[in-house]
2 protein chains.
Amino acid sequence: MDKYAHGERLLVALDCIVFGFDGENLKLLLIKRKFEPEKGNWSLMGGFVERNEGLEEAANRILFELTGLRDVYFEQLQTFGDVDRDPVERTISVGLFALINIHAHDQDAARAQNAYWINLDRRPNLIFDHNKMVDLALEKLRYKAAMHPIGFELLPDKFTIPQLQKLYEEIYNEPLDRRNFSSRKILSTKLLIDTGEKNEKSATKKAILYKLDKEKYQKQFNSFHYFISPGKN
Amino acid sequence: MDKYAHGERLLVALDCIVFGFDGENLKLLLIKRKFEPEKGNWSLMGGFVERNEGLEEAANRILFELTGLRDVYFEQLQTFGDVDRDPVERTISVGLFALINIHAHDQDAARAQNAYWINLDRRPNLIFDHNKMVDLALEKLRYKAAMHPIGFELLPDKFTIPQLQKLYEEIYNEPLDRRNFSSRKILSTKLLIDTGEKNEKSATKKAILYKLDKEKYQKQFNSFHYFISPGKN
DNA sequence: CCAAAAGTGTTTTTGTTACACCCATGG
DNA sequence: CCATGGGTGTAACAAAAACACTTTTGG
């Protein structure tokens with residue numbers, strides 16, 4: 001089985017930084033550990049990559065165990081490989097950045113993992129180098145969401161422009177001008193389709209429910225859209 | 001040594017996608033393999049991560065072996081983990097994206113590895129999934145260079161605006177307007193310091209040699225600068 | 001009928017693009 | 001003295017920011 005004469009074999013783990021948005025706050029899906037090491041402390045959801053399992057495959061497996069969802073949006077964040085990052089044994093960890101529709105996930109699956117949605121601004125201290133992973137993931141979310149339409153991954157299938165705006169305000173922690181946000185930034189992308197329906201929950205004027213034009217979304221995914229003005233120096 | 005009861009131990013490799021620019025063409029540093037597997041074929045420079053060595057440390061070691069340089073600019077590209085990506089043995093490979101000043105590297109070190117600088121537009125077929133790695137690295141170079149001042153990593157310490165422009169033209173494979181490039185895009189970033197010297201090699205009017213304001217460069221590294229207009233849909 | 005939230009249009013300001021002229025150098 | 005490449009300015013255009021009014025709804 002071991003055919004290369006040199007080279008050391010190491011544990012390879014995946015750790016998932018899972019973001020959600022409940023309409024009010026940005027949240028992280030975190031595990032209250034029921035097992036050693038660090039039992040009782042908070043951590044990211046993770047798992048080891050098996051020998052007969054590709055990295056993508058392992059990512060999908062672990063995200064499914066956690067959320068009960070098969071089509072989670074994720075991408076690699078970074079691979080973490082400090083010698084002492086896991087005090088139990090040398091482990092290389094591939095950090096995964098995942099965005100999910102918080103309303104679609106399987107609550108029982110999450111409960112089975114002892115996972116909870118925690119507001120980002122109340123996140124607890126995490127084990128190992130998981131704090132660093134979350135910091136980096138948040139940076140990446142802010143970076144990507146400014147120019148790529150990834151925010152939609154966090155919303156229900158049908159959503160309103162004000163909901164989308166609230167999401168962006170949460171991501172960047174700053175208020176956005178409704179008039180500029182709505183007409184120019186969002187509708188000019190032509191990514192949204194008016195469903196004809198209205199948000200019946202609203203107590204005041206009911207907002208139009210849009211859905212994503214998935215075909216255009218796929219095509220334009222790597223193009224630039226200025227949802228947010230680029231950072232200041 | 002193995003303290004986790006479950007989890008498989010796998011080989012972890014690093015593969016380096018090293019870009020250089022000779023003033024005319026974008027180049028890749030590739031290895032003509034003197035060893036099995038795939039002896040005689042072209043590949044990226046790589047190596048295994050040792051048990052007592054952090055990922056960064058391993059990256060620096062391998063880049064040093066290849067280039068003789070200690071302070072190479074690199075970042076993680078992506079980690080590749082398909083089950084069959086290495087036919088010899090299951091290996092997870094962390095792809096590294098590196099930019100070097102082609103004139104500063106140690107030619108003897110490169111020769112010892114049987115490494116050659118190959119023009120990007122003449123790159124040979126590479127072993128394993130290395131073609132995919134290069135494709136992704138090129139995409140990343142184009143993506144990042146459009147907004148972040150990473151191009152400087154490919155140039156000598158002192159360089160002229162026309163040299164910088166040539167570099168960007170090579171990266172994007174399209175001509176840029178000299179007048180717009182020079183004054184507005186580049187000098188407006190205030191990242192360049194006029195050294196007072198001129199490029200004596202030029203046969204015509206000698207261009208001003210600039211150097212990077214390293215302090216500002218560090219500070220502004222993550223800010224946005226529109227070196228190139230964002231992609232078209 | 002009014003408070004609260006949603007929808008839309010216009011002006012100002014800023015940045016990008018397109019384009020033309022002058023300067024320095026070596027042969 | 002002229003061909004080649006380097007340096008700079010300006011007008012036209014496009015995009016972003018700032019800003020104000022009207023509409024819908026439930027209570």
Side-chain angles (χ1 to χ4, degrees), chain A residues 23-24 145-147 155 158-170 172 174-211 220 223-233, chain B residues 23-24 145-147 155 158-170 172 174-211 220 223-233:
Chain A
E24 283 298 315
M147 288 182 299
L155 292 172
K158 295 176 184 175
F159 55 87
T160 67
I161 302 272
Q163 279 170 358
L164 187 64
Q165 180 177 342
K166 187 83 179 68
L167 168 59
Y168 277 90
E169 289 176 335
E170 278 298 305
Y172 296 98
E174 59 182 42
L176 301 173
D177 185 297
R178 185 165 44 90
R179 295 160 290 193
N180 291 330
F181 186 80
S182 146
S183 42
R184 261 164 301 286
K185 302 214 184 203
I186 306 307
L187 296 179
S188 71
T189 65
K190 308 277 188 189
L191 285 172
L192 300 190
I193 299 171
D194 185 337
T195 63
E197 299 168 66
K198 302 241 173 152
N199 179 16
E200 290 302 328
K201 285 172 204 157
S202 170
T204 64
K205 182 170 181 177
K206 294 171 191 349
I208 297 168
L209 282 162
Y210 291 90
K211 66 178 179 184
Q220 297 191 16
S223 66
F224 294 79
H225 294 294
Y226 295 95
F227 291 108
I228 295 292
S229 58
K232 309 95 194 170
N233 306 344
Chain B
E24 283 298 315
M147 288 183 297
L155 293 171
K158 295 175 183 175
F159 55 87
T160 67
I161 302 273
Q163 278 169 358
L164 187 63
Q165 181 177 341
K166 187 85 180 66
L167 168 59
Y168 276 90
E169 289 176 335
E170 277 298 306
Y172 295 98
E174 60 182 42
L176 301 172
D177 186 298
R178 183 166 48 89
R179 296 160 289 195
N180 292 330
F181 186 80
S182 145
S183 40
R184 262 165 300 284
K185 302 214 185 203
I186 306 307
L187 296 179
S188 72
T189 65
K190 308 276 188 191
L191 285 172
L192 300 190
I193 300 172
D194 185 337
T195 64
E197 299 169 66
K198 302 242 173 151
N199 179 14
E200 291 301 329
K201 286 171 204 156
S202 170
T204 64
K205 181 171 183 177
K206 294 168 191 354
I208 297 167
L209 282 163
Y210 290 90
K211 66 178 179 184
Q220 298 191 16
S223 66
F224 294 79
H225 294 294
Y226 295 94
F227 291 107
I228 296 291
S229 57
K232 311 94 193 170
N233 304 345

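First the proteins, then the strands, lettered A, B, ... as listed; each starts at 1. Remember, it's a predicted structure, so these values are computed and weren't measured experimentally.
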Would you mind reading off the distance between [X] atom [atom1] and [N] atom [atom2], rounded to a whole angstrom?
{"X": "B/Phe181", "N": "D/dT8", "atom1": "CZ", "atom2": "P", "value": "14 Å"}
{"X": "A/Gln165", "N": "C/dA5", "atom1": "CD", "atom2": "C1'", "value": "11 Å"}
{"X": "B/Ile208", "N": "D/dG6", "atom1": "CD1", "atom2": "P", "value": "11 Å"}
{"X": "A/Leu164", "N": "C/dG7", "atom1": "CG", "atom2": "P", "value": "12 Å"}
{"X": "B/Ile186", "N": "C/dT16", "atom1": "CD1", "atom2": "P", "value": "12 Å"}
{"X": "A/Asp177", "N": "C/dT13", "atom1": "CG", "atom2": "P", "value": "17 Å"}
{"X": "A/Leu209", "N": "C/dA6", "atom1": "CG", "atom2": "P", "value": "12 Å"}
{"X": "B/Asn199", "N": "D/dG5", "atom1": "CG", "atom2": "P", "value": "13 Å"}

| query | Quick one: what's the B/S/- string for nucleotides 21-27 of chain D, heavy-atom cutoff under 4.0 Å, read 5' to 3'? | reply | --BBSS-
| task | Could you please name the option among C/dA18, D/dA17, C/dG7 that lies closest to any side-chain atom of B/Asn180? | result | C/dA18
| task | Would you check if A/Phe159 and A/Leu192 make a side-chain contact, meaning some heavy-atom pair closer than 4.5 Å? | result |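 Sidechains of A/Leu192 and A/Phe159: in contact.
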| task | Evaluate the side-chain proximity of A/Leu176 to A/Lys185: yes if any heavy-atom separation is below 4.5 Å, no if none is. | result | no
| query | Could you state the interatomic distance from CD (B/Glu200) to CG (B/Leu209), rounded to the nearest 0.5 Å? | reply | 8.5 Å
| Roughly how far apart are A/Gln165 CD and A/Glu170 CD, rounded to 0.5 Å? |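 A/Gln165 atom CD to A/Glu170 atom CD measures 12.0 Å (nearest 0.5 Å).
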| field | A/Ile186, A/Leu187, A/Ile193 screened by side chain to side chain contact (heavy atoms under 4.5 Å, CB included) with A/Tyr210, the one that passes | value |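 Checked A/Ile186, A/Leu187, A/Ile193 against A/Tyr210; only one passes side chain to side chain contact (heavy atoms under 4.5 Å, CB included): A/Leu187.
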| said: Which heavy atom of B/Lys198 sits nearest to which heavy atom of B/Lys206, and what is that distance? | reply: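 It is CD-O, 3.5 Å.
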